[in-house]
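In the text below, chain A, chain B and the rest are named by the order of the sequence lines, each starting its count at 1.
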Amino acid sequence: MPELPEVEVTRRGFADRIVGARIESVRIGKPLRWALMVLPQALVGRRVREVRRRGKYLLIDLDRGLLLLHLGMSGSLRFDIHLPEPGVHDHFDLVTELGTLRLNDPRRFGAVVYVDDEEAPWALKLLGGLGMEPLGDAFDLDAFHAGLKKRRTAIKQVLLAGDVVVGVGNIYASEALFMAGIRPTLSAARISRPRAAKLHAAVREILARAVEKGGSTLRDFSNVDGQNGYFQLEATVYGRAGEPCRVCGTPIRQMKQGQRSTYYCPHCQKS
DNA sequence: AAAAGCCCCTGGATGC
DNA sequence: TGCATCCAGGGGCTTT
């Protein structure tokens with residue numbers, strides 16, 4: 001589920017509501033991808049300072065230390081003053097005086113990790129290799145093009161890898177490549193400067209638009225208030241195999257790249 | 001060093 | 001209705 005837009009929509013949904021709150025208790029359900037790395041009891045009494053996002057990670061800064069949250073493939077967060085009894089897929093509750101933040105994740109590919117600071121080994125391991133943030137000023141076109149030139153793999157794979165630019169997952173990679181008119185299998189290193197510029201702009205536009213629409217809800221995703229996103233309704237290629245291209249009418253094709261589905265228009269994305 | 005596969009896990013859709 | 005198979009928004013780890 002959650003690519004950058006969904007994580008950002010999630011962040012915006014509870015950041016202002018939880019900042020300043022004192023942690024009253026922590027409840028752990030089934031194990032997630034990694035152990036919490038700190039005794040939940042040790043978090044009690046700390047206060048939430050800020051909620052940030054880096055790529056697809058949420059960073060919850062406390063007055064001492066921070067929590068790194070990842071939603072994996074099927075995770076979503078809820079936040080409310082009062083939440084019902086936890087269900088089988090509710091694996092983490094951060095109970096604060098201003099409300100409870102709850103992670104629901106059926107497939108349990110998500111993660112909650114505590115670190116003392118961003119230089120801690122686990123923080124470096126998870127965040128250290130991440131590429132540029134696509135929204136905001138740090139997404140530099142020169143650096144983007146330079147990053148592509150180093151990679152001979154298919155451009156779709158490079159977008160997904162997250163070491164050049166972060167946050168672009170399987171839906172938005174296909175969407176951005178369609179917007180830029182680039183064939184997903186094209187070697188990243190072979191992308192010309194003008195086309196890199198188009199892709200750079202497309203990534204920004206697609207992600208920003210998706211944030212505006214509340215993200216994409218295919219199955220599990222909803223925001224912290226349980227509301228769905230609507231970007232999936234304006235997908236141009238993702239999930240539309242066999243349906244006519246919205247621009248030229250040619251049937252959209254589906255293929256596999258690295259065990260993941262890629263969608264593209266063979267006419268609009270000739271190379 | 002880069003690239004390609006494998007795997008973690010659960011549930012929904014589809015097919016026989 | 002029951003059971004098997006395939007597929008799904010991610011990404012770390014191991015192997016080439």
Side-chain angles (χ1 to χ4, degrees), chain A residues 1-11 29-35 37 53-58 68-77 87-92 103-113 121-131 146-176 184-190 206-207 210-211 213-223 228-235 237-242 254-263:
Chain A
M1 147 247 154
E3 304 181 35
L4 184 150
E6 291 74 31
V7 177
E8 178 61 18
V9 164
T10 296
R11 190 193 69 79
K30 285 191 192 174
L32 295 165
R33 186 152 192 170
W34 298 292
M37 305 283 161
R53 180 189 54 73
R54 177 73 178 102
K56 297 172 188 168
Y57 284 90
L58 283 172
L68 310 180
L69 268 65
H70 198 286
L71 302 179
M73 199 80 129
S74 59
S76 62
L77 290 176
V88 284
H89 298 310
D90 294 326
H91 307 304
F92 177 77
L103 173 64
N104 178 277
D105 185 4
R107 295 176 72 180
R108 290 191 281 131
F109 290 168
V112 179
V113 174
W122 271 94
L124 292 176
K125 176 164 141 183
L126 298 178
L127 308 175
L130 297 182
L148 298 188
K149 283 203 271 199
K150 291 180 195 156
R151 307 288 298 277
R152 300 182 189 233
T153 339
I155 180 60
K156 161 92 178 324
Q157 311 271 60
V158 174
L159 289 177
L160 285 186
D163 46 8
V164 176
V165 58
V166 295
V168 183
N170 210 38
I171 298 177
Y172 303 116
S174 282
E175 293 298 315
T185 49
L186 178 63
S187 167
R190 297 176 64 90
I206 291 287
L207 296 179
V211 170
K213 301 300 281 185
S216 296
T217 296
L218 299 184
R219 286 183 177 75
D220 307 292
F221 178 72
S222 58
N223 69 18
N228 291 341
Y230 294 97
F231 185 84
Q232 73 280 2
L233 300 177
E234 39 188 271
V237 289
Y238 185 84
R240 300 191 63 241
Q254 176 178 11
M255 64 177 295
K256 287 281 186 191
Q257 287 181 287
Q259 359 273 123
R260 326 263 328 251
S261 284
T262 297
Y263 300 85

Heavy-atom check, side chain of A:Lys30 versus side chain of A:Arg108, under 4.5 Å: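 Of all side-chain heavy-atom pairs linking A:Arg108 with A:Lys30, at least one is under 4.5 Å.
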Earlier contact from the 5' end, DNA chain B, for A:Arg219 and A:Val158: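 Final value for this comparison: A:Val158.
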Mind listing the closest non-hydrogen atom pair of [X] and [Y] along with its distance?
{"X": "A:His91", "Y": "A:Leu32", "answer": "CD2-CD2, 3.8 Å"}
{"X": "A:Pro5", "Y": "A:Gly167", "answer": "CD-O, 4.5 Å"}
{"X": "A:Gly229", "Y": "A:Thr217", "answer": "N-OG1, 2.6 Å"}
{"X": "A:Asn104", "Y": "A:Asp90", "answer": "ND2-OD1, 2.8 Å"}

With a non-hydrogen cut-off below 4.0 angstrom, is [X] in contact with a base, only sugar-phosphate, or nothing?
{"X": "A:Lys150", "value": "nothing"}
{"X": "A:Arg33", "value": "base"}
{"X": "A:Gly169", "value": "sugar-phosphate"}
{"X": "A:Arg260", "value": "base"}
{"X": "A:Phe231", "value": "nothing"}
{"X": "A:Ser187", "value": "nothing"}

Give a yes or no on whether the backbone of [Y] and the side-chain of [X] come within a donor-acceptor separation of less than 3.5 Å.
{"X": "A:Glu3", "Y": "A:Tyr172", "answer": "yes"}
{"X": "A:Glu175", "Y": "A:Ala235", "answer": "no"}
{"X": "A:Glu234", "Y": "A:Phe231", "answer": "no"}
{"X": "A:Ser174", "Y": "A:Val237", "answer": "no"}

Aromatic ring of A:Phe221 stacked on base six-ring of C:dG9, 5.5 Å, 30°: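 Stacking between A:Phe221 and C:dG9: absent.
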Stems involving DNA chain C, each a run of at least 3 consecutive Watson-Crick or G-U pairs under 3.5 Å: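 For DNA chain C the paired stretches long enough to count as stems (3 pairs minimum) are B:2-8 with C:10-16, B:10-16 with C:2-8.
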Report all side-chain donor-acceptor pairs from residues 123-130 of chain A shorter than 3.5 Å, counting only partners two or more places apart or in another chain.
none

Report yes if at least one side-chain N or O of [X] is closer than 4.0 Å to OP1 or OP2 of [N]; otherwise report no.
{"X": "A:Arg107", "N": "C:dG10", "result": "no"}
{"X": "A:Lys125", "N": "C:dC13", "result": "yes"}
{"X": "A:Tyr57", "N": "C:dG10", "result": "no"}

Taking atom [atom1] in both [N] and [M], compute the distance separating them and give it to the nearest angstrom.
{"N": "B:dA3", "M": "C:dG9", "atom1": "P", "result": "22 Å"}
{"N": "B:dG5", "M": "C:dC7", "atom1": "P", "result": "16 Å"}
{"N": "C:dT14", "M": "B:dC9", "atom1": "P", "result": "16 Å"}

From [atom1] of [X] over to [atom2] of [N], roughly how many Å is that when rounded to an integer?
{"X": "A:Gln257", "N": "C:dG10", "atom1": "CD", "atom2": "C1'", "value": "16 Å"}
{"X": "A:Leu130", "N": "C:dG12", "atom1": "CG", "atom2": "C1'", "value": "13 Å"}
{"X": "A:Trp34", "N": "C:dG10", "atom1": "CH2", "atom2": "P", "value": "14 Å"}
{"X": "A:Gln259", "N": "C:dG11", "atom1": "CD", "atom2": "P", "value": "16 Å"}
{"X": "A:Leu58", "N": "C:dG10", "atom1": "CG", "atom2": "P", "value": "15 Å"}

Contact boundaries on DNA chain B for chain A, cut-off under 4.0 Å to non-hydrogen atoms: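 So the outermost contacting nucleotides come out as B:dA3 to B:dG11.
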